[in-house]
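Here the structure is laid out as structure tokens; the discussion comes afterwards.
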Amino acid sequence: MDCYLGIDLGSTTTKAVYLDEHERPLGRGITNSRCNYALACEIAGDEAGINSRFMLLRRRIEEEDGARDGLAELMKWLACSFTFAQYVDQLAALEEICLEEVERWNDAFERDLYAKTLASLFERMRSEAEEMFRPGLAARSDFFRDIVANQYLDHAERLAKDGAVSFDRLTAIYDRAILRVEGKNFATAYAKHLDLACERAVWRGGFEPLGETLRRAVDYAIGVAFNVRNTIGTGYGRQTLPIPKPQIRSEILCHGLGAHFMFPNTRTVLDIGGQDTKAIQVDAKGIAVNFQMNDRCAAGCGRYLGYIADEMNMGVHELGPLAMKARKAVRINSTCTVFAGAELRERLALGEKREEILAGLHRAIILRAMSLLARSGGVHDEFTFTGGVAKNAAAVTALKRLISENYGDRMINISPDSIYTGAVGAALFARRDREAI
Amino acid sequence: MELNDIVRRCEDLYHDLDLTSVKEWKRRTGGKAVGFLPIYVPRETVHAAGALPVGIMGAGDDLEIIRGDAFYQSYICHIPRSTVELGLSGRLDCLDGFLFPAICDVIRNLSGMWKILFPDKYVRYLDVPQNFDERLGGVFYRQELAALFQDLCALTGRPASDEALRRSIEAYNENRRAIAELYRLRAEEPHRVPTYEHYLLMRASNVLEVTEHTALVDAYLAAARRENRPWRDNIRVILTGVFCEQPPLGLIRALEQSGCSIVDDDWVLGARYLREPVAAEGDPLDALVTSYLRRGTPTATRYIDEDAKGEDLIRRVRTLRAEGVIFASPSFCDPALLEAPMLQRALGAEKIPYTAFKFSENSGQLQVIKEQTGAFADSIKLWGAA
Amino acid sequence: MNPTPAVRKERSMELQKAMMGEHFKNLARAKDLGKKVVYTFVPGNLNELIWTFGMLPVHPEVNALQIGLRKKSGDYILEAEKHGHSEDVCAYVKCDLGMLKRGNIGPTGEKLPEPDLLLLSYTGCFTFMKWFELLREEYRCPIVMLHVPYQGDGRITPDMTAYVARQISEKVLPLMEKISGRAYDPDALREHLASSARAERDLVAVWESARNRPSPIDAYFGGVYYVGPVFSAFRGLPACEVFYETLRQEVEERVRNHEGPITPEGPLKEERFRLIVEGPPCWPNFRDLWKMFYEEGAVAVSSSYTKVGGLYDAGFRHDPDRPLESLADYCMGCYTNLNLPSRIQYLERCLREYDADGFLINSIKSCNSFSAGQLLILQELEKRTGKPGGFIESDLVDPRYFSAANIKNRLESYFQMIKAKRSA
Amino acid sequence: MIHTLGIDVGSSAIKAVAMKLDDQGGGGTLAASHVNKIRKRSVKDVVLQVVERVLQEGGLSREDITYIATTGEGEMVDFRNGHFYSMTSHARGALFLSSSVRAVMDVGALHARVMLMDSRSKVLDHRMTSQCASGSGQFLENISRYLGVAVEDIGRLSLEADKPEMVSSICAVLSETDVINMVSRGVSTPNILKGIHLSIGKRLINLLRMVKAEGDVLVTGGLAQDAGLLAVLQSLALELGLKVRIAAHPQSVLAGAIGAALWGGYRYTKLKMKEAEV
Ligand SMILES: Nc1ncnc2c1ncn2[C@@H]1O[C@H](COP(=O)(O)OP(=O)(O)O)[C@@H](O)[C@H]1O
Ligand SMILES: Nc1ncnc2c1ncn2[C@@H]1O[C@H](COP(=O)(O)OP(=O)(O)O)[C@@H](O)[C@H]1O
Ligand code: SF4
Ligand code: SF4
Ligand code: SF4
């Protein structure tokens, strides 16, 4: 089937979106950019392909069987089972590589000891995995790296308790191995994983009556061939994308158009990504007319939050909810991310509340964004907030308050898919450019 | 009045970003109010036209800058953004006019911005002369002042009268007298006039009607002399460079806490820019012109092509028995930062110790500055005058 | 203002090079020739007067920019910072002072003579005052300052003109007489002024050629070569007239042939974007920035930087009939002496008259005179013309403030924005 | 003979020493010392722990101590007798460690500063980094954590570099992305570390240049233990033709604490003399 691909190679995450001939979204994929860029694009693209297959699969079931109750539930089962199947493969790869690391050691005793420890560690992880991938459980992260790290470190800590093995060495093994696992693309094995997922969903989810329909749909989805008619790349690392220059588009334009696509009345866009913050004004057609960006210093970007999260031993997901519990926001004096980290420690030591400090930190980020917005021409109706940080409730709350205080009533849009905005814009350009040819 | 009441009053005025005191004055008197930026404007002309001159010195760290940043790149000092923020948030609406004295390019350009942003207000760029020859710069300045006075009188609807000008000059001479006494007391017994209180008292001159401010200073002087305050083991320093953008209150306190007592400074410099009383007889504009040309403070924004500025600083160090000089410059402030090395070389030649740091009106992290001034005080204390 | 000439050597460029070479040679030998040397600034310079007294001008800014072009400014700036100057302040000053501290070797590799006179005609920037205070501290030679009032209300009043003219006649002339040992010769001055006016007329013709499509000139990158002689030492000299006549002919020739401007990589093939540029260039990366423009087919059809030494296209001419008054008006009329509303008006006029697609601001960290307020200029111009504005940040001579990746990203986005707007 | 205690409260570690001085507050030998990282614990608790350890090691009790001096962020230590600012104490400590030193380069977790001093350790001039962490220890620590290298090993590894690669971003946080790219491109850990050392080193040397230091320069603070950084500093100084000899002392990390303890002794005897006069 003909489709168009948009890739947003971000500093922290790489996003891909497939659109069909009618500019309808088919699917989207995301991966972290930590491994090499080309691979990140490949994986994100493949993940978007998988996501598109899910979409087609669902459509097929609806067509065949009519929309019915339980379909949503089934899709959830299918999705988490798919992730589970992938996870199992990834876990196996991780184990293998960890063992390889240990194999290289000289000391035979240590080698043996750690190999055994690792074997039991992975055994425990595997036995837990089944439980981790049930529908309805909030995933801690989209990324293998984050999910597995938690599990691994937990067990490593427990195993190291009696002192026979060192926790630090176990982490060191992990740190090396994970990089290599991230260097592999597991999305290519989608057919196998989808098969497995289909089975698990039917049996474990109790969807036997739908089994036949599902099987047919899955087979169909696996069989679809995507004919990518045009690709446009954008994002922080776009210059390194393995595609010709005319197919590369500035992030500003893509974010503007992406936001316009999601919310057609958008006039002002704020994107807070991992390493840069952009304020964009767009016209009625979604074309950027003015923009400001901040991209030299990590202060005020998503990475700032990531850094703070590391500092507090939390996931970025958890920051927002905690900050939301605050009754007031502490004023943060440091602009520098690293200094803010130190200030955080200092304030904690002085007995200030975690949530209030966090609220202050969120406010600090948003204040920086406000100044960019001001510089780009203010906040006009409607306003769309995109980028990874838009997922953070505390940041959103701070933003809403500051906008209403300074610009009055504004319609504020945030899409749950906001992280894909840039990629959507790129995919739209991909289709429009193709049309123009 | 008790000391505490005076200080509290000044604190209130300092934090009163909405200028409620100015609004009250306008309500009470039915007069107009005219804002001005640092350093020097001849407030006598505003006063004589029947308006209240209101000094705006940024917003310290009391205000979050949201729209002000829309107008300034990161490498421009802070005071114009908070000034714009104050304006755009309506806090300066009670000012019927605004004067932009020639200080530097930033303020100069701000005058044009103000014309665009607030087209309904009276806005004037006041070009003070950099030529101090009476027949040249003097003539030009007199023309400027006359035009300004005409404008102001047109704004208030009062006749432009020499008599009124002379009365205003007298009122400001009184104020200069009180302020000079305040500085004298602090220099003699710094522990009696804590830096923080001194500063707030000076800031009050920005918003109070001049006679009211004079009375406040006099009351403070009386109270401070009565109050028993412990002597402190601090070094005596002169602070320089803060003639335009002002350090936040926290910083002003930190200096004293880190062991430095300020015995002279250039904050709120406009209030004592003219170092002697202005002649209250004869042509009042001529008197103002002469004072400006002859008795103005040799500060960074005044072009002087001889060694006078360094000499003046050294003389003040000597007469006030200062043990060192602190150069506090607003970040990105060309006048202060370009002046400093020249003054420092002059001090160096006389072996007068100094230290220098940068700040901005909303600096929150004072640790580094405190560390530095603390070490400076340490070194003078531990090593004496050597 | 005479950067290394472009690759394809036009005759005018050869001329300029020869003029510069000659001038610096004379400077190096000034003391032997018995010539007195005057240091003075570009905006609002009194060149004609300096020549009238047979003295030789040195422009510290021109040195600073030449050094920037040769990528030596970074070192000199560090040198000045070593002597107590802040990272925050204007880097032109620091570059010049650093050069002085390192032996005052000029851009051509020859030592510059020390000044016999510092002539501060301070136009459009307060930093000049500090700069001269600093130079005075070093040289301790006679110094004279010309206070040039700002066009705070957007106009030059007769009082202002009289004030400046009187400063010239009562302060500047007597000192110049004393130092040069020559009596003031008003007729000689008139002649120089007449010569200036002729060169200025030809320069304006060059500017206006940019109305053509394609524009035969780049009025920003190319423009800084064009203003070289008239901004610096040569205004008022016959050689300067010859240069502009030649340049004008070359440009008219290109118009006839429908040729675009010449870039370091030859003539521009296709004019894709017509821009007005506000703000000075960044000398150490001048070529890099230019390349980012011509690679995209972007041409500056007018710029404000090339007006810091005189707003001739707005009608000003040196006038032999009002010698001192016209010098006064010249000083007060330079671009950075305009107030903000006038600057906006000027740019707006350029946008319309040259039928530009948009305008780009290169905001210079060093220069508060230019930069403070540029963001308002951006907003206002967009509002008034509906044309898109772009904004990049760099520095005149401080290489630490040039981030190629950053600027490229912004420029790319900007060009794509204009394109998308056009096709929408 | 008297004993004084010097406590250097840093942003990442607490350093404390006990010094033995003669009755005039002169002389001075190191009686005991201890360093402990704060690691997200309460600063006060760590201070107490460190002080206890020092007393224990020196066979001292609280009563034996005549003056407790703090430095760094020690203003909040409530049992102190006096506080000295870091520059004052680092200069004094440096002089104690090496009598010929005329400049100190103190590089800690969040700050870097260079002091020029005279033969009595009076600070004549100084330069420090502003509110940006791009030239300090935390930067290095973050990167090493990412690379899975223990802080103690950084120096050794960096010395093994053969083709160092510089990070392009000046930002301590954004550089991580660069490093990640390097890792994925297969740049070796030593080459990455040395690249970081070079970038930090350049900043530090610049500070040194700005105070016009000459002669012996002692590196103090936590990064003095980093042989890789030291080597880079030395070669950069050579390259730039600076007339300096840059070195560290095995006890460099204690310089602040030592200086504070010594100044404490000096103040103590001075105060006693004053008392005697009265
Ligand atoms: N679920 C989430 N909750 C809170 N913050 C998030 C979430 N997901 C991502 N982020 C933040 O978003 C940032 C990444 O945003 P993204 O737009 O993907 O950036 P980039 O395009 O630069 O990679 C991360 O640094 C993180 O702080
Ligand atoms: N052996 C070592 N090699 C490199 N860095 C080190 C070493 N030991 C400590 N550090 C670094 O020194 C810094 C702490 O220095 P310190 O002077 O104690 O700082 P502070 O006073 O701010 O706590 C930390 O960032 C730490 O990573
Ligand atoms: S702080 Fe300095 S640069 Fe800023 S406006 Fe004031 S004088 Fe000008
Ligand atoms: S501030 Fe601007 S105009 Fe003034 S000297 Fe510097 S570069 Fe030149
Ligand atoms: S201030 Fe902090 S966040 Fe910003 S560049 Fe420096 S290290 Fe990075």
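Both backbone and side-chain heavy atoms feed into the values below; hydrogens, waters and symmetry mates do not. Numbered from 1 within each chain, the chains take letters A, B, ... in sequence-line order.
Residue with the most contacts toward chain C among B/Ile116, B/Val128, B/Ile304: B/Ile116 (heavy-atom pairs, distance under 4.5 Å). Ranked by heavy-atom pairs shorter than 4.5 Å toward chain B, the options C/Ser342, C/Ala162, C/Gly154, C/Gly124 are led by C/Gly124. Put simply, of B/Ile103, B/Val123, B/Val139, the one with the most heavy-atom pairs under 4.5 Å next to chain C is B/Ile103. Note on B/Glu144, B/Arg124, B/Arg135, B/Arg108: by heavy-atom pairs under 4.5 Å with chain C, the leading option is B/Arg108. Contacts with chain B were tallied for C/Arg166, C/Glu87, C/Glu380; C/Arg166 has the most, counting heavy-atom pairs under 4.5 Å. Ranked by heavy-atom pairs under 4.5 Å with chain B, the first of C/Cys367, C/Pro341, C/Gly373, C/Gly152 is C/Pro341. Between chain B and the options C/Asn339, C/Asn368, C/Leu338, the largest number of non-hydrogen pairs under 4.5 Å is found for C/Asn368. Counting heavy-atom pairs closer than 4.5 Å to chain B, the top-ranked of the candidates C/Lys94, C/Arg343, C/Arg140 is C/Arg140. The candidate from B/Ser111, B/Ala340, B/Gly137 with the greatest count of non-hydrogen atom pairs under 4.5 Å with chain C is B/Gly137.
Under the salt bridge (Lys or Arg N to Asp or Glu O under 4.0 Å) criterion, the residue pairs touching residues 327-344 of chain B are B/Lys309-B/Glu339, B/Glu339-C/Lys130, with sequence neighbours excluded.
Only the side chain of B/Asp133 comes within contact range of chain C, with at least one heavy atom under 4.5 Å from a heavy atom of that chain. Using a 4.5 Å cut-off between heavy atoms, B/Leu117 contacts chain C through its side chain alone, with no backbone atom that close. When heavy atoms are compared at a cutoff of 4.5 Å, B/Thr301 approaches chain C solely by way of its backbone atoms N, CA, C and O. Residue contact with chain C, scored on non-hydrogen atoms closer than 4.5 Å, involves the backbone and the side chain of B/Ala102 alike. Both the backbone and the side chain of B/Leu136 come within contact range of chain C, each with at least one heavy atom under 4.5 Å from a heavy atom of that chain.
Ring-plane geometry between B/Phe140 and C/Tyr163 is classed as parallel, the angle between the planes falling under 30 degrees on a 0 to 90 degree scale with a further cut at 60.
For the pair B/Gln143 and C/Thr157, the minimum side-chain heavy-atom distance is 4.5 Å or more. In this structure the side chain of B/Gln73 reaches within 4.5 angstrom of the side chain of C/Phe391, judged on heavy atoms. Proximity of C/Gln151 to B/Tyr125: side-chain heavy atoms (C-beta onward) are nowhere separated by under 4.5 Å. Within the 4.5 Å cutoff, no side-chain heavy atoms of C/Met160 are placed close to those of B/Asp127. The shortest distance between side-chain heavy atoms of B/Leu337 and C/His85 does not fall below 4.5 Å.
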Inset, instruction - Please step through side chain to side chain contact (heavy atoms under 4.5 Å, CB included) for the pair B/Asn109 and C/Gln374, ending with a clear verdict. - result: CA-CA 9 Å; B/Asn109 289 4; C/Gln374 272 174 335; over 6 Å; no
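Residues passing the ring-ring contact (aromatic ring centres under 6.0 Å, His included) test with C/Phe370 are C/Tyr335, sequence neighbours excluded.
Residues from residues 74-84 of chain B that place a non-hydrogen atom less than 4.5 Å from a non-hydrogen atom of chain C comprise B/Tyr75, B/Ile76, given in numerical order.
More than 12 heavy atoms of other residues, nucleotides or ligands shown are found within 6.0 angstrom of CD on B/Glu350. At most 12 non-hydrogen atoms from other residues, nucleotides or ligands lie less than 6.0 angstrom from CZ of C/Arg155.
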Name the atoms and distances for all side-chain donor-acceptor pairs under 3.5 Å in residues 171-179 of chain C, with sequence neighbours left out.
unit_1	atom_1	unit_2	atom_2	d
C/Glu177	OE2	C/Tyr184	N	2.7

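Electrostatic pairing of B/Asp307 and C/Arg136 counts as a salt bridge here, judged by a charged N lying under 4.0 Å from a carboxylate O.
Summarising the geometry, atom OG belonging to C/Ser86 is positioned 8.5 Å from atom CG belonging to B/Leu338; distances are rounded to the nearest 0.5 Å.
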